[in-house]
Student: 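Structure incoming, see below.
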Amino acid sequence: MNLAVIGHIDHGKSTTVGRMMFETGAVPAHIIEGYRKEAESKGKATFEFAWVMDNLKEERERGITIDIAHKRFDTPKYYFTVVDCPGHRDFVKNMITGASQADAAILVVAAPDGVMEQTKEHVFLARTLGITQIIIAVNKMDAVKYDEKRFNEVKKDLSDLIKMVGYKPDETLFIPVSSLQGTNIKVNSPETPWYKGPALVPALDTFKEPEKPTDKPLRLPIQDVYSISGIGTVPVGRVETGIMKKGMKVAFMPANKDGEIKSIEMHHEEIPQAVPGDNVGFNVRGIGKGDIRRGDVCGPVEAPPTVAEEFTAQIVVLQHPSALTVGYTPVFHCHTTQTACTFTELKKKLDPRTGQTKEENPTFLKSGDAAIVTVTPTKPMVIENVKELPQLGRFAVRDMGSTIAAGMCIAIKPKQLR
Ligand SMILES: Nc1nc2c(ncn2[C@@H]2O[C@H](COP(=O)(O)OP(=O)(O)OP(=O)(O)O)[C@@H](O)[C@H]2O)c(=O)[nH]1
Ligand SMILES: [Mg+2]
């Protein structure tokens with residue numbers, strides 16, 4: 001399970017990750033002790049747990065996280081790849097990269113401060129980027145003397161916030177912790193006798209396993225196409241949704257070519273069917289090597305992948321040197337395709353903290369803006385509505401080597417090719 005740790009600057013994200021790694025045995029005590037002494041001698045006392053994650057010299061000197069870092073730790077049920085995100089507003093783009101890789105998130109909020117600017121922004125981005133499961137750690141409870149009343153105030157504000165973007169407060173765990181003291185991290189601590197829920201580490205095992213969407217139509221975006229003598233055309237790729245079976249009649253879109261699955265191979269062994277997550281090569285009858293290429297998507301003939309004439313998207317602008325306007329044509333990265341697409345309409349600007357409409361038909365968008373836009377691909381491309389096939393509905397927008405925006409497709413005007 002990929003887990004992002006998000007929240008406002010200084011609220012204790014790195015400390016929480018370091019503490020969880022320590023409590024689960026992923027980091028030994030003598031390392032923490034070494035960091036404690038070194039941090040103290042450099043005037044950075046209390047950063048010993050954060051330093052497990054903050055390895056850069058500049059991060060340690062400034063006492064902040066700048067870039068995302070990945071670490072692994074294990075609980076009884078899962079092994080987690082945890083991504084510690086920076087809270088500083090200058091590094092939101094790094095947080096977005098981290099969040100876009102995650103299945104679930106821990107939102108860390110310091111009890112003395114409560115909901116702050118990047119608490120709101122990160123919650124909205126997490127939701128936009130498709131993180132559906134979230135656990136909230138109300139941290140620094142030691143700094144408010146483990147006061148139940150303060151915890152409930154912060155919990156109330158957070159409930160309103162997460163509800164606004166579509167999380168369900170009633171189904172979300174709010175855990176009072178002190179990551180510095182180790183309170184309610186691995187086991188419930190005596191400091192909060194009023195708290196009846198699970199401690200943080202056991203709570204992580206309540207996350208649901210990322211689904212294998214086998215009940216959806218088959219979608220396999222092509223990564224490469226080989227021609228193997230004696231066998232024929234062998235496209236390779238990862239099954240995102242649905243099931244691929246031998247004998248199935250398939251369509252490749254937007255190439256608009258049909259074929260029949262003759263055999264499926266994974267790790268050099270023939271298999272009767274492939275399910276989501278499987279990386280396979282498969283032999284198709286009726287398709288030549290030149291007929292299809294990377295970026296085409298394989299699906300059943302009776303429910304072929306959707307080719308967009310144009311689509312409506314909800315985007316968040318991460319960084320743009322000036323202003324994003326109608327006519328701008330950067331490259332959209334979606335499943336295995338990279339297609340230049342033009343922004344043809346800016347429908348509305350949204351408040352990134354609430355998702356509410358802020359302006360109808362804005363003339364431009366700039367860094368930090370969230371918006372609903374119309375996009376027209378410059379050549380046929382497959383994209384799906386995020387509500388139906390989220391794996392094929394999210395994209396990143398890139399230009400000149402950097403990520404300009406991230407978003408998801410919320411409506412499609414299909415191109416009729418068949
Ligand atoms: N009192 C108290 N201080 C804490 C606690 N957790 C973290 N801190 C302190 O808060 C400061 C910031 O901690 P970090 O873990 O670096 O915070 P962060 O959220 O990772 O910060 P950024 O990555 O820069 O956004 C450090 O001085 C920590 O010692 C806690 O439970 N109680
Ligand atoms: Mg940090």
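Just follow the structure's listing: the first ligand is 1, and inside any ligand the first atom is 1.
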Student: List ligand 1 atoms under 4.0 Å from Lys13, heavy atoms only on the residue side.
Tutor: 15 (O), 17 (O), 18 (P), 19 (O), 20 (O), 21 (O), 22 (P), 25 (O)
Student: State whether the shortest distance between N or O atoms of Val177 and N or O atoms of ligand 1 falls below 3.5 angstrom.
Tutor: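 In fact, backbone or side chain, Val177 has no N or O that close.
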Student: What atoms of ligand 1 come closer than 4.0 angstrom to any heavy atom of Ala50?
Tutor: 15 (O), 16 (O)
Student: Is the distance between the Mg ion (ligand 2) and the nearest N/O/S atom of Thr65 smaller than 2.8 Å?
Tutor: yes
Student: Using distance alone, determine whether Gly12 and ligand 1 share an N or O pair under 3.5 Å.
Tutor: yes
Student: Out of Thr65, Val5, Ile6, whose heavy atom is nearest to atom 24 (O) of ligand 1?
Tutor: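 The option holding the nearest heavy atom is Thr65.
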Student: Can you figure out which of Ile66, Val109, Thr46 has its heavy atom closest to atom 29 (O) of ligand 1?
Tutor: Thr46
Student: Atom 6 (N) of ligand 1: which protein heavy atom is closest, and how many Å away?
Tutor: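 Its nearest protein heavy-atom neighbour is Asn139 ND2, 3.1 Å.
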Student: What do you reckon, are the aromatic ring centroids of Phe151 and Trp194 less than 6.0 Å apart?
Tutor: yes
Student: Would you indicate whether the side-chain heavy atoms of Pro305 and Phe252 approach each other to under 4.5 Å?
Tutor: no
Student: Between Lys140 and ligand 1, which residue portion shows a heavy-atom distance shorter than 4.0 Å: side chain, backbone, both, or neither?
Tutor: both
Student: Using a 4.0 Å cutoff against the non-hydrogen atoms of Ile64, which atoms of ligand 1 qualify?
Tutor: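 By the 4.0 Å cutoff, the relevant atoms are 24 (O).
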Student: Using the ring centroid of each side chain, check whether Tyr328 and His320 are separated by less than 6.0 Å.
Tutor: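 Yes, the ring centres sit under 6.0 Å apart.
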Student: Taking only heavy atoms of Thr15, which atoms of ligand 1 are found under 4.0 Å from at least one of them?
Tutor: 6 (N), 7 (C), 13 (O), 14 (P), 15 (O), 28 (C)
Student: Any side-chain heavy atom of Met95 within less than 4.5 Å of one from His122?
Tutor: yes
Student: Numbering the atoms of ligand 1 from 1, which are under 4.0 Å from a heavy atom of Ile9?
Tutor: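 Listed by number with element: 24 (O), 25 (O).
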Student: Work out which heavy atom in Ser179 is nearest to a heavy atom in Thr16; give both atom names and the distance.
Tutor: OG-OG1, 2.7 Å
Student: Are the side chains of Val225 and Thr233 in contact, using a 4.5 Å heavy-atom criterion?
Tutor: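 Touching, per the 4.5 Å side-chain cut-off.
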Student: Is it the case that the ring center of Phe22 lies less than 6.0 angstrom away from the ring center of Tyr35?
Tutor: no
Student: Heavy-atom count around Lys77 NZ within 6.0 Å, excluding the residue itself: above 12?
Tutor: yes
